[in-house]
2 protein chains.
Amino acid sequence: MALGWQDVQAEALRRIRSREWAPGEQIPNEADLARELGCARATVNRALRALAEAGWLERRRRAGTRVAPAPLRRAQVAIPLIRKEIENRGQTASHAVIDRNRPPLPPPIRAALGLPATAPVERVRTLYLADGRPFACEDRWVHLAAVPDFADAPLDRIDPNEWLVRNAPFDHGTLDYCAAPATAEDARHLSCETGAAIMVLTRTTFGPAAPVTHVRLAYAPGYHLRLEI
Amino acid sequence: MALGWQDVQAEALRRIRSREWAPGEQIPNEADLARELGCARATVNRALRALAEAGWLERRRRAGTRVAPAPLRRAQVAIPLIRKEIENRGQTASHAVIDRNRPPLPPPIRAALGLPATAPVERVRTLYLADGRPFACEDRWVHLAAVPDFADAPLDRIDPNEWLVRNAPFDHGTLDYCAAPATAEDARHLSCETGAAIMVLTRTTFGPAAPVTHVRLAYAPGYHLRLEI
DNA sequence: GTTTCCGTTATGTATAGACATAAAAGGAAC
DNA sequence: GTTCCTTTTATGTCTATACATAACGGAAAC
């Protein structure tokens with residue numbers, strides 16, 4: 001057997017790193033490379049496509065393939081369940097619903113979800129605990145028209161985050177992390193001082209047809225968001 | 001005939017979302033699906049592989065393909081140049097080197113890089129400005145054995161971040177975002193108050209053979225890390 | 001000179017067929 | 001029952017071929 005696509009990928013990466021193929025420069029076309037390396041064009045294609053997805057190459061039909069000028073690397077961040085996130089740290093996860101009701105939709109939340117003021121929404125505030133100590137507190141608004149069953153979700157047994165992940169798969173959404181001072185309410189729930197620097201995640205998710213949920217998640221001090229690249 | 005892998009992917013995704021294929025459940029094998037949909041197995045393979053990479057499916061040889069029980073979605077975060085990050089906000093980027101020298105390597109940095117105390121390193125502290133206002137301040141340690149040319153980098157013209165991205169392509173690394181109170185030094189450079197909640201990024205990158213750089217980047221208050229999912 | 005059109009070219013993708021490989025399942029030896 | 005081995009099976013991958021598609025570049029029409 002000849003080379004596998006991973007071998008081709010490794011060889012291409014070697015040439016990129018050794019500057020044999022310099023940044024911005026066009027590399028040989030797939031057919032030539034296949035001939036040179038002694039494999040099928042499909043194999044070269046698989047390798048180069050993977051490198052393009054990883055940000056090392058830029059490919060355009062007819063224009064050929066060139067080395068990315070400033071290799072813009074992408075990091076992947078897995079968005080796990082909060083429960084898993086706690087368990088991955090070797091701690092025991094639990095949660096407590098603080099309150100659950102249907103207040104009028106405040107304009108900022110309304111805007112984020114793109115809903116009319118009359119849309120049926122439920123608000124749930126939840127405290128997540130790791131080994132019994134506060135880990136994060138969540139203020140979540142759920143669009144009931146998109147997930148009618150949420151009204152009956154047994155949130156004492158399964159946390160809102162996990163219930164929604166399991167029962168309302170979504171299309172797309174946005175995450176926004178920022179550092180902020182803990183509000184008085186955050187501080188009360190997280191047992192920290194008002195104004196302490198905490199990580200706040202704001203997430204809005206949309207289903208195929210309608211917005212699903214908007215959530216503000218305030219992590220207790222000391223939270224780290226780790227990415228691999 | 002006309003069925004492309006994207007069509008197959010869309011159909012599979014429809015079945016996952018409609019719960020025709022329920023979470024945790026095993027789906028038909030590639031050969032059967034290909035026969036059912038009227039395309040080649042390779043086409044089905046391409047579609048299902050893409051869905052697995054996106055986190056919708058879990059595949060194992062011989063064991064078949066099943067719908068991910070709790071679709072663990074991954075978000076991609078592009079790690080742009082700081083300069084680009086500023087320019088993408090429609091502002092003008094500039095930078096100023098605060099100091100550049102070769103102090104002894106402090107143990108925490110040494111541990112992060114995995115280097116002996118005698119390793120040749122250069123420390124550069126840089127302030128990044130957006131429209132002339134402080135955007136972030138950087139404390140960077142560069143392993144000169146891995147990037148000897150760094151000693152001659154004209155950091156008045158090109159910022160350290162960009163110089164390294166362009167001249168020292170790396171293999172892998174870790175990013176760590178956390179919310180922290182601004183130190184007195186952060187506060188002085190960023191024109192904010194000591195103790196203000198700021199986002200701190202700690203990044204360590206490694207080349208094929210040796211560690212390259214360790215950097216602590218403190219963003220001015222108000223910084224947001226946005227991800228699309 | 002400008003616009004339109006068309007051929008060339010590199011990548012994108014589909015296909016059938018083949019073999020490789022991991023892992024589960026079942027059977028044989030003990 | 002436990003261990004080891006063999007079969008079976010679904011995914012992983014390579015190959016050769018073919019056609020699709022985007023885009024560059026030049027020729028033709030005006």
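Residue numbers start from 1 in every chain, and the chains themselves are labelled A, B, ... in the order their sequence lines are given, proteins ahead of strands.
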Roughly, in whole Å, what's the span from [atom1] in [X] to [atom2] in [N]?
X: A:Asp7; N: D:dT13; atom1: CG; atom2: C1'; result: 12 Å
X: A:Glu58; N: C:dA10; atom1: CD; atom2: C1'; result: 16 Å
X: B:Leu48; N: D:dT11; atom1: CG; atom2: C1'; result: 10 Å
X: A:Leu3; N: C:dA20; atom1: CG; atom2: P; result: 16 Å
X: B:Gln9; N: C:dA14; atom1: CD; atom2: P; result: 11 Å
X: B:Trp5; N: C:dT15; atom1: CH2; atom2: C1'; result: 17 Å
X: A:Leu57; N: C:dA10; atom1: CG; atom2: C1'; result: 14 Å
X: B:Gln26; N: D:dT9; atom1: CD; atom2: C1'; result: 11 Å

Task: B:Asp131 (side chain) donor-acceptor with B:Thr92 (main chain) under 3.5 angstrom - done: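 Judged by distance alone, yes, a pair lies under 3.5 Å.
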Contact under 4.0 Å: [X] side-chain N or O vs [N] OP1/OP2:
X: B:Asn29; N: D:dT9; answer: no
X: B:Asn45; N: D:dG12; answer: yes
X: B:Thr65; N: D:dA10; answer: no
X: A:Arg49; N: C:dT11; answer: no
X: B:Thr43; N: C:dT13; answer: no

- [ ] For A:Ala40 and for B:Glu30, locate the closest nucleotide of DNA chain D by heavy-atom distance; then report the residue assigned to the nucleotide nearer the 5' terminus.
- [x]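 On the 5' side of the pair lies B:Glu30.
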Set of residues satisfying side-chain contact (heavy atoms from CB on, under 4.5 Å) with respect to [X], sequence neighbours excluded:
X: A:Arg110; value: A:Leu105, A:Ala117
X: A:Pro116; value: A:Thr118, A:Ala119
X: B:Ala210; value: B:His143, B:Ala146
X: A:Asp176; value: A:Cys178, A:Thr202, B:His224, B:Arg226

Open item on the list: Classify A:Arg46 by what it touches in the nucleic acid, base, sugar-phosphate, or nothing, heavy-atom distance under 4.0 Å.
Closed with: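 Answer is sugar-phosphate: A:Arg46 comes under 4.0 Å of backbone atoms only.
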Open item on the list: Between the base of D:dT17 and the side chain of A:Arg41, is one N or O donor paired with an acceptor at under 3.5 angstrom?
Closed with: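 Donor-acceptor pair under 3.5 Å: no.
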Check the interface with nucleotides 21-23 of chain C: list each N/O to N/O pair with the protein under 3.5 Å, or write none.
| from | atom 1 | to | atom 2 | distance (Å) |
| --- | --- | --- | --- | --- |
| C:dT21 | O4' | B:Arg61 | NH1 | 3.2 |
| C:dT21 | O3' | B:Arg61 | NH1 | 3.2 |

Task: Evaluation steps, side-chain hydrogen bond (donor to acceptor under 3.5 Å, both in side chains), between A:Thr126 and A:His95 - done: CA-CA 7 Å; A:Thr126 312; A:His95 71 279; over 6 Å; no
Open item on the list: Tell me every residue that passes salt bridge (charged side-chain N to carboxylate O under 4.0 Å, His left out) with A:Arg41, counting only those two or more places apart in sequence or in another chain.
Closed with: A:Glu30
